2 protein chains.
Amino acid sequence: MKVLPKYFTAAITVDNVIFGFDQGDLKVLLVKRLEEPHLGEWGLPGDFVQPQENLTDAPVRVLSELTGLSEVYLEQVSSFGDVDRHPSGRVITIAYYSLINLTNTRFRRHIKQDVTKWVNIRDLRPLPFDHTQIVLTCIERLKLHVRRKPIGFELLPPKFTLSELQSLYEAVLNRDLDKRNFRKKIMGMKILVDVAEYQEGVAHRPAKLYQFDKEKYEEFQSEGFVFEI
Amino acid sequence: MKVLPKYFTAAITVDNVIFGFDQGDLKVLLVKRLEEPHLGEWGLPGDFVQPQENLTDAPVRVLSELTGLSEVYLEQVSSFGDVDRHPSGRVITIAYYSLINLTNTRFRRHIKQDVTKWVNIRDLRPLPFDHTQIVLTCIERLKLHVRRKPIGFELLPPKFTLSELQSLYEAVLNRDLDKRNFRKKIMGMKILVDVAEYQEGVAHRPAKLYQFDKEKYEEFQSEGFVFEI
DNA sequence: TCAAAAGTGTTCTTATTACACCCATGG
DNA sequence: CCATGGGTGTAATAAGAACACTTTTGA
């Protein structure tokens, strides 16, 4: 093929829908735009894919620069490429979502409070570009994934209570779950370990703490087990 | 934002994994490459996204040019963008799959036999670029979708037998299904209409023909029904 | 009359749902 | 001693899996 220069005129960006879970609410991390267009508005964190950067490395870099975190759960969701979606030229964006535990101290020290904010997914206001559509698409994808892969734990601290886990699922799936049935199902999978510790400083019976046992999950998975909630 | 020209140097393509179902086998349509690189090899149909073309219009155009078909089921699957995936420069591709009924006469008249071929997904040989990975990703995605959305019908003629439908599911899911349980499940959904016609010219008891009733499906769906096999 | 695929029900097992009370703690 | 959420089991219902024989046709 002759290289047709007219085609090599597009830019590629990634946009990252970063989910966090806080006090029963599923939230998305927005950043204040420091550049035109939409200077000063709140939008999704993202960046141009660099000329010498593989596509899948771009969201990892964006996330690391913004949050200080590495080894984060990341999933490609969809590409958006209407001709007029960006005023500077032809820009295709590839949307990813990631799941982080926002109690992580490394994250809490790194994040810049004045240019970022967490927004409850129920309180989303219109975002610049097609970012609203991107967020909604990522929420839908997360709803599917969270039921079939053990990724909910990524949103929680390493040690968590069963009620926290249930509340997370309720926030993501946007419906109530029955406490006893939920516990039966989760505990029946045998992928949580009871770390023999308890909540402290709560004005009620303290809950047991559990950890997700990734090794066990992978062992069961290789035997044909499928995570499902 | 200043326009940084260094970023507007990428090209965007779409690649289309076109699935067809023939005699119990799930197949993918390959085209002979008429240009370098990989001139003469069999690869996925695809093209550059045109400068004034929305991303989602590109796979529709590719499909229409190749097959003569419009109104085809199309689904975006994933983007692929390793730095070195294309020798001519930075090319990001967005993969789609589509489902067509290859007995369609419009298609059969339009398709060019000498530059296209159907390959059974079990007989795939290595493809140029990252096309093998793209096909495998699309097959996995189709396996998920076909169980939760009534899209299998897109691969069959408008009127089909229950055995053809079952054989299609067996090919896509790559496992045997129980005839009685399959029929119970499908018929229980009440989204097929018995057109009171029968197979002809077969050396066995002729099977009833059915049609997918899209209106009924959408009605049930709006009442909360979820297709699931 | 044979070969080939169509068509059809029941039983057993497993998963899902619905549901209410006592427990441990801090204030 | 009160308020708060933690923790637990059983029964009823629904869904899924396993399984074999008769029917209709063309050759």
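In the text below, chain A, chain B and the rest are named by the order of the sequence lines, each starting its count at 1. Hydrogens, waters and symmetry mates play no part in the numbers below; they use all other heavy atoms, side chains included. All of these numbers come straight from a predicted model, not from anything done at the bench.
- Classification of the Phe220(A)-Phe225(A) ring pair by plane angle, with boundaries at 30° and 60°, yields perpendicular.
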Worksheet item: What string of B, S and - do you get for nucleotides 17-27 of chain C, 5' to 3', if B is base contact, S is sugar-phosphate-only contact and - is no contact with any protein heavy atom under 4.0 Å?
Response: BBBB--BBBS-
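- When heavy atoms are screened at a 4.0 angstrom cut-off, Ser163(A) is found touching the sugar-phosphate backbone but no base atom.
- If you measure from atom NZ of Lys208(B) to atom C1' of dT25(D), you get 16 Å, rounded to the nearest angstrom.
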Worksheet item: Can you check side chain to side chain donor-acceptor pair (under 3.5 Å) on Tyr198(B) and Glu200(B), steps first, answer last?
Response: CA-CA 6 Å; Tyr198(B) 291 85; Glu200(B) 284 172 21; over 6 Å; no
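- The aromatic rings of Tyr97(A) and Tyr73(A) sit tilted relative to each other, their planes meeting at an angle between 30° and 60°.
- Ser79(A) and Ser79(B) are linked by a side-chain donor-acceptor pair at a separation below 3.5 angstrom, with hydrogens and angles left out of the test.
- Rounded to an integer number of Å, the gap from Leu209(B) CG to dT24(D) P is 17 Å.
- One atom, CD of Glu228(A), and another, P of dT16(C), lie 7 Å apart when rounded to the nearest Å.
- One can place CD of Glu164(A) at 12 Å from C1' of dG5(D), the figure rounded to the nearest angstrom.
- Computed from coordinates, the Ile229(B) CD1 to dG16(D) P distance equals 11 Å when rounded to whole Å.
- For the side-chain contact (heavy atoms from CB on, under 4.5 Å) with Val146(B), the lone residue among Leu99(B), Leu155(B), Ile151(B) that qualifies is Ile151(B).
- Per the geometry, CD belonging to Gln199(A) stands 6 Å off P belonging to dG6(D), to the nearest Å.
- For the pair Gln23(A) CD and dG5(D) P, the interatomic distance rounds to 12 Å; values are reported in whole Å.
- If you run ring-ring contact (aromatic ring centres under 6.0 Å, His included) between Phe160(B) and each of Phe153(B), Tyr210(B), Tyr169(B), Phe212(B), only Phe153(B) comes through.
- Following rounding to the nearest Å, Met189(B) (CE) and dA15(D) (P) show an atom-to-atom distance of 12 Å.
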